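Structure first, commentary second.
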Amino acid sequence: MSDFQMDYGWRVYHPNPRKPTFRAPPGAVDAHCHVFGPGDKFPYAPQRKYTPCDGPKEKLWMLRDHLGLSRNVIVQATCHGADNRALVDALLDSNGMARGVATVTRDISDEQLQELHAAGVRGVRFNFVKRLVDKLPFDSLEEISRKIAPLGWHIVIYFEASELPELYDFFASLPTDVVVDHMGRPDVSKPVDGEEFALFLKLLGENPNFWCKVSCPERLSLLENVGYGDVIPFARTVVERFPDRVLWGTDWPHPNMTSHTPDEGDLVDFIPHIAVTQELQQKLLVDNPMRLYWPEEVEQ
């Protein structure tokens, strides 16, 4: 039993997700998920903004198989800070079927970066969501960016749509491939052809090194049903406009969800609504994540 008490009212991940109707193509990748703890083995960071339920690697592998997926990209969550031990433990246990996105600080050594790379880490995450992290110094992020570039790693950025205007120039200056989490969290109550989302599409359009995760409709939707229909126009626009630079993931075990407990079967069945052809589905779920995270396995 972990010594860490999860936050009061925390929504624990779905205990029995249904089998999705949509059958993912062979080799499909869940390109955004997490491992939490277990806290008695991998303690949560003292400076964390939340204490989650434990979400161990064994549960993640079971979910992957249940959903008919093949691989995972595990993203370091803020509750573990820059202590990547839980992430590395999961990667080493995956038999090469998982890659990782770590959180690092500016004082990380080249030797430590090489150790993370050997374990399967292929990127670092910068979190700009103000309710989740303290403000990050830009000079520190620039130094980290320079350190990881020789490894061929990319940067994952997490921000909310209202923050993009002030961050746009910094993002565009990043020297590596950049992956945007959850479409930059658009406000789906606003029009898909409106000014706010247009700025995000401009960011992708003007910067060919930018990729986008069309994930987390459960976080973005304002509807009471679980079809997430108000998110579909946004995600479908991105998939159809940038088919070779999109990724998808479950976000298991769904940290900080307040509206409902997502059923991962629903999240998989969301896919054919945003990638409406087999060709788009193949790119979204297999070709793109393999090219970014397992390039050594992609035929040249």
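Only heavy atoms go into these numbers, but all of them, side chains included; no hydrogens, no water, no symmetry mates. None of the values given here were measured: they were computed from a predicted structure.
With ring centers used as reference points, Phe159 lies under 6.0 Å from Phe171. Annotation: Trp248 is not in aromatic contact with Phe270 [ring centroid separation under 6.0 Å not met]. Between His182 and Phe234, the ring center distance fails the sub-6.0 Å criterion.
Rounded to the nearest 0.5 Å, atoms CG (Leu113) and CD1 (Ile108) are 4.0 Å apart. Note that the CG atom of Asn127 and the NZ atom of Lys49 stand 11.0 Å from one another [nearest 0.5 Å]. A distance of 14.5 Å separates CZ in Arg64 from CD in Glu264, rounded to the nearest 0.5 Å.
Side chain of Asp93 to main chain of Asp89: no donor-acceptor pair is present (N/O by atom type, distance under 3.5 Å, no hydrogens or angles). Using modelled atom types, no side-chain atom of Ser221 and backbone atom of Glu218 make a donor-acceptor pair closer than 3.5 Å. With hydrogens and angles disregarded, a donor-acceptor distance shorter than 3.5 Å links the side chain of Asp269 to the backbone of Thr21. One N or O on the side chain of Arg245 and one on the backbone of Phe210 form a donor-acceptor pair closer than 3.5 Å. Under the 3.5 Å distance criterion, the side-chain polar atoms of His32 are left unmatched by any main-chain donor or acceptor of Asp251. Judged by distance alone, the side chain of Asp230 and the main-chain N or O of Leu222 form a donor-acceptor pair under 3.5 Å.
In terms of heavy atoms, Trp252 sits closest to Pro56 at CH2-O, 3.8 Å. Across all their heavy atoms, Leu174 and Asn209 have their closest contact at O-ND2, 3.8 Å. Residues Arg11 and Thr258 come closest through the heavy atom pair NE-O, 3.1 Å.
Atom CZ of Arg18 sits in a crowded spot, with more than 12 heavy atoms from other residues, nucleotides or ligands closer than 6.0 Å. No more than 12 heavy atoms of other residues, nucleotides or ligands shown are found within 6.0 angstrom of NZ on Lys59. Other residues, nucleotides and ligands place no more than 12 heavy atoms under 6.0 Å from the CG atom of Asp110. Counting heavy atoms of neighbouring residues, nucleotides and ligands inside a 6.0 Å radius, atom NZ of Lys19 exceeds 12 of them. Annotation: Arg291, atom CZ; neighbour count of heavy atoms from other residues, nucleotides and ligands within 6.0 Å is above 12.
If you chain together hydrophobic residues whose side chains sit under 4.5 Å apart, Val188 and Met257 never meet in one group. Phe197 and Leu223 sit in two unconnected hydrophobic clusters of ILVMFWY residues. Membership requires side-chain heavy atoms under 4.5 Å apart, directly or through other members. Criterion: ILVMFWY side-chain heavy atoms under 4.5 Å apart, direct or through other members. Under it, Phe36 and Phe42 are not part of a common hydrophobic cluster. Hydrophobic clustering (ILVMFWY, side-chain heavy atoms < 4.5 Å, transitive): Val179 and Leu164 are in one cluster. Residues Leu87 and Met97 do not share a hydrophobic cluster, defined by chaining ILVMFWY side chains whose heavy atoms lie under 4.5 Å apart.
Within the 4.5 Å cutoff, no side-chain heavy atoms of His254 are placed close to those of Thr261. Counting heavy atoms from C-beta on, the side chains of Trp10 and Tyr50 come closer than 4.5 Å. Between Leu220 and Pro186, some side-chain heavy-atom pair lies under the 4.5 Å cut-off.
Of the listed residues (Arg125, Lys213, Arg185), just one forms a side chain to side chain donor-acceptor pair (under 3.5 Å) with Tyr158, and that residue is Arg185. A side chain to side chain contact (heavy atoms under 4.5 Å, CB included) with Leu69 is found for exactly one of Asp30, Leu285, Leu63, namely Asp30.
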For this session: Please test Asp54 against Tyr44 for side chain to side chain donor-acceptor pair (under 3.5 Å), starting from the C-alpha separation and ending with a verdict.
Result: CA-CA 10 Å; Asp54 286 342; Tyr44 300 114; 2.6 Å; yes
Exercise. Is there a side chain to side chain contact (heavy atoms under 4.5 Å, CB included) between Asn84 and Leu116 once you walk through the steps?
Worked result: CA-CA 9 Å; Asn84 295 286; Leu116 290 173; 4.3 Å; yes
For this session: Report the C-alpha distance between Arg99 and Glu296 in whole Å, list the side-chain angles of each, state the deciding distance to 0.1 Å, and finish with yes or no for salt bridge (Lys or Arg N to Asp or Glu O under 4.0 Å).
Result: CA-CA 13 Å; Arg99 291 287 187 255; Glu296 69 280 1; 2.8 Å; yes
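Between Phe126 and Phe128, the two ring planes are perpendicular [angle over 60°; tilted spans 30° to 60°]. The aromatic rings of His117 and Trp153 lie parallel to each other, their planes meeting at an angle below 30°, with 60° marking the opposite boundary.
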